[in-house]
Amino acid sequence: MAYPKRITRLAKQAGVIALTVVLLLPLAPLMIWAFSRRWLYPAALPTEWGLRAWRYLLDPNTRVLAAFANSLSVALVVTGLSILIALPAARVLGLEHFRGKALVEFLILAPTVVPAFAAAMGIQVLFIRYGLADTRLGVILVHLIPVLPYVILILAGIFANYNVDYEHQARVLGAGSWTVFWRVTLPLILPGIIVAALFAFLISWSQYLLTLLIGGGRVITLPVLLLAFANSGDYAITAALSLVFMAPAVVALLFSARYLTGSHTTLRGI
Amino acid sequence: MNTALLNRIATGAATRQGWNTIGTLTDGRQASGRGTTRVSLAGLSKQYRERYAVRDLTLDLPAGKITALLGPSGCGKTTTLKMIAGLITPTAGDITFDGASVVRVPAERRGAVMVFQNHLLFPYLTVAENVAFGLKLRGEDRATIQRKVSEMLARVRLAGFEDRWPWQLSGGQAQRVALARVLVVEPCVLLLDEPLSNLDAHLRDEMRELILDLQRQSGITTVFVTHDQEEAVLLADRVALMLDGVLQQVGEPRAFYERPASVAVARFFGGVNFLPGTRAGSVVETVLGSFRLPSATQPDGPVTLTIRPENIRLCASGEALDENSIVGTVTRRAYAGTHTRLKVVAGGRPFEVIADATEGSRFGEGDPVCLHFPPERLWLLPAEPVRAVEKVSHEG
């Protein structure tokens, strides 16, 4: 009983180290592959090291940079659109009670149960008819299918704990509808919006099948390219591409950790 | 034999009408140009599907006075307040400020500013930024805003709290910041929703005094909602009692104790002694005998006779039976420090008496007692069942 504090601290440190190892260990082969030039069986480590894969990724003549830009722009637009579409829906679901609300909630959640691929198969026909197939806009629209349920769900949860009287207070103090939105509603729900946006971004960023189906091989995003290289057997480039693909997720995770832990800090942090 | 409760009401009224904290007469309240808006509600109703939250409410809120909207929860008083603020659109009726209809004026331009039950300070703004919220919307320059915010915070006794965050404040402090945030924009009408209900008892007195002081200084027409009749009586110049969305009675606080309009009103203000009877001239005939009234002004017919528990006089049953007296038995005696409460059954009917402590101690449980109802303390109510909307204004 003389040193419980020290023991807890040691246990905590050991835990953090264990967690880091568990999370980072799978990445080790990727790191090694990404910097290898020649690695033949049965060598434990590459026999030649090099930056061939990274040079390839950054070469403007390859499609890698374009795919990165595609992925980024699609994910960002999907994120923005999904927040815009989800906000009014989430507000009504979180604040109002109406007949058929359970049905509406079920229908909104349906895409999380039914594979988006199934829906996209049918949608593809429509998209072809309207000239949306093989276009970036088409890919953006089809990404909204798996993204929207999560964004609406997260924001509806925020609105369920939201006190509309804050808006009433601002109005009687002289704020019009837009002022109320910008200076009261938005700051109050900002933590929720940030979390929802991170989810939206990551879901869109990691879409493969839907992009392939609607993009028809013309809209190349990182996951599409990644799978192409994985199939080709060039492990160095695949590994380097995987690391690039993971980067936004890691950044998003670190960023969201701040907002996901403790509602007080989120409100204070603004 | 005046009782503690009535004493307190009387003193409260004297404080209200006599002087403010500075010691000058409160007649100077009209000095400030703004805030002395007369508000009138005419036939105001709010209907949700079949249910009326407020029904046909006609009420004048005199300029520069504090009016209490009193009633149990769910009686439509907060709805009324939000309709005055412009946050709820009435389904029928009109609201006028100084004679001009404001029903079509949106909340943000109406100038009737509401303080909500929980302070609702914006958590992402400091105390100073919260108070400055309305001023910034009015486009005032930075220096003016800063000066007004400091002045206002000083007036609610929170000077130096500018840079605090809402979560660093106690409940009472947050409520005062909320009040400052509203008063700093110099509204024409101040609306308070249960301003004291979230506070501890000792903070309540302090807040009540602060509201009275601020109202006296600004002379702003004030309406506050409360479910607590004592709070209404202590803070308001005028009280409007609502039950089930319907206005029951409007008047000065005393009227609700001395001249209630119905059994329901009397009950809400602690009336417990009711005796059905028939009036003929200046006499009411009841099952317990006849009671003489001081005068004969109302029409004859069925009535309910009432007397407040503190106005019944006790005498030993052996003493000569006066008129307006009945004999009963004490069934319960409760000593409450400043007074004693007695429950008496007379002729099979229960009565409650509040006597002063020594007077009450003369009678123990089971003792016979004589209750004397002084004619000038008797009050007649419409006979039960009381459904009729009786509006009695005893003011001016």
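Naming convention: chains lettered A, B, ... in sequence-line order (proteins, then strands); numbering from 1 in each chain. Treat the numbers as computed from the prediction; the structure is a model and nothing was measured. Keep in mind that the numbers below use all heavy atoms, side chains included, and drop hydrogens, waters and symmetry copies.
- Here the CG atom belonging to A/Leu190 is positioned 10.5 Å from the OH atom belonging to B/Tyr124, to the nearest 0.5 angstrom.
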Candidate pair B/Leu87 and A/Asp165, rule side-chain contact (heavy atoms from CB on, under 4.5 Å), full reasoning: CA-CA 10 Å; B/Leu87 295 170; A/Asp165 276 340; 5.8 Å; no
Run the numbers on B/Val182 and A/Gln169 for side-chain contact (heavy atoms from CB on, under 4.5 Å), then give the verdict. CA-CA 9 Å; B/Val182 160; A/Gln169 180 72 77; 3.8 Å; yes
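- Within the 4.5 Å cutoff, side-chain heavy atoms of A/Arg183 are placed close to those of B/Leu137.
- Neither the backbone nor the side chain of B/Ala178 comes within less than 4.5 Å of any heavy atom in chain A.
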Between A/Val184 and B/Phe133, does the side-chain contact (heavy atoms from CB on, under 4.5 Å) criterion hold? Intermediate values first, please. CA-CA 10 Å; A/Val184 179; B/Phe133 189 89; 3.9 Å; yes
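- Here the closest non-hydrogen pair linking B/Pro106 and A/Arg171 is CB-NH2, 4.3 Å.
- Residue-environment remark: CD (B/Gln146) stays at or below the threshold of 12 foreign heavy atoms within 6.0 Å.
- Taking both residues in full, the closest heavy atoms of B/Ala85 and A/Val172 are given as CB-CG1, 4.0 Å, listed atom of the first, atom of the second, then distance.
- When the ring-ring contact (aromatic ring centres under 6.0 Å, His included) test is applied to B/Phe161, no partner is found at least two apart in sequence or on another chain.
- Within the 4.5 angstrom heavy-atom criterion, only side-chain atoms of B/Arg138, from C-beta onward, approach chain A.
- No other option in B/Lys136, B/Arg109, B/Arg110, B/Met114 has as many heavy-atom pairs under 4.5 Å with chain A as B/Met114.
- Heavy-atom neighbours of B/Arg155 CZ from other residues, nucleotides or ligands within 6.0 Å: above the threshold of 12.
- Considering every non-hydrogen atom in both A/Tyr166 and B/Leu121, the closest pair reads CE2-O, 3.4 Å.
- In the displayed structure, B/Asp141 atom CG is contacted under 6.0 Å by more than 12 heavy atoms of other residues, nucleotides or ligands.
- When the shell of 6.0 Å around CZ of A/Phe106 is examined, it contains 12 or fewer heavy atoms from other residues, nucleotides or ligands.
- Relative ring orientation between A/His168 and B/Phe116 is described as parallel, the plane-to-plane angle staying below 30° on a 0-90° scale split at 30° and 60°.
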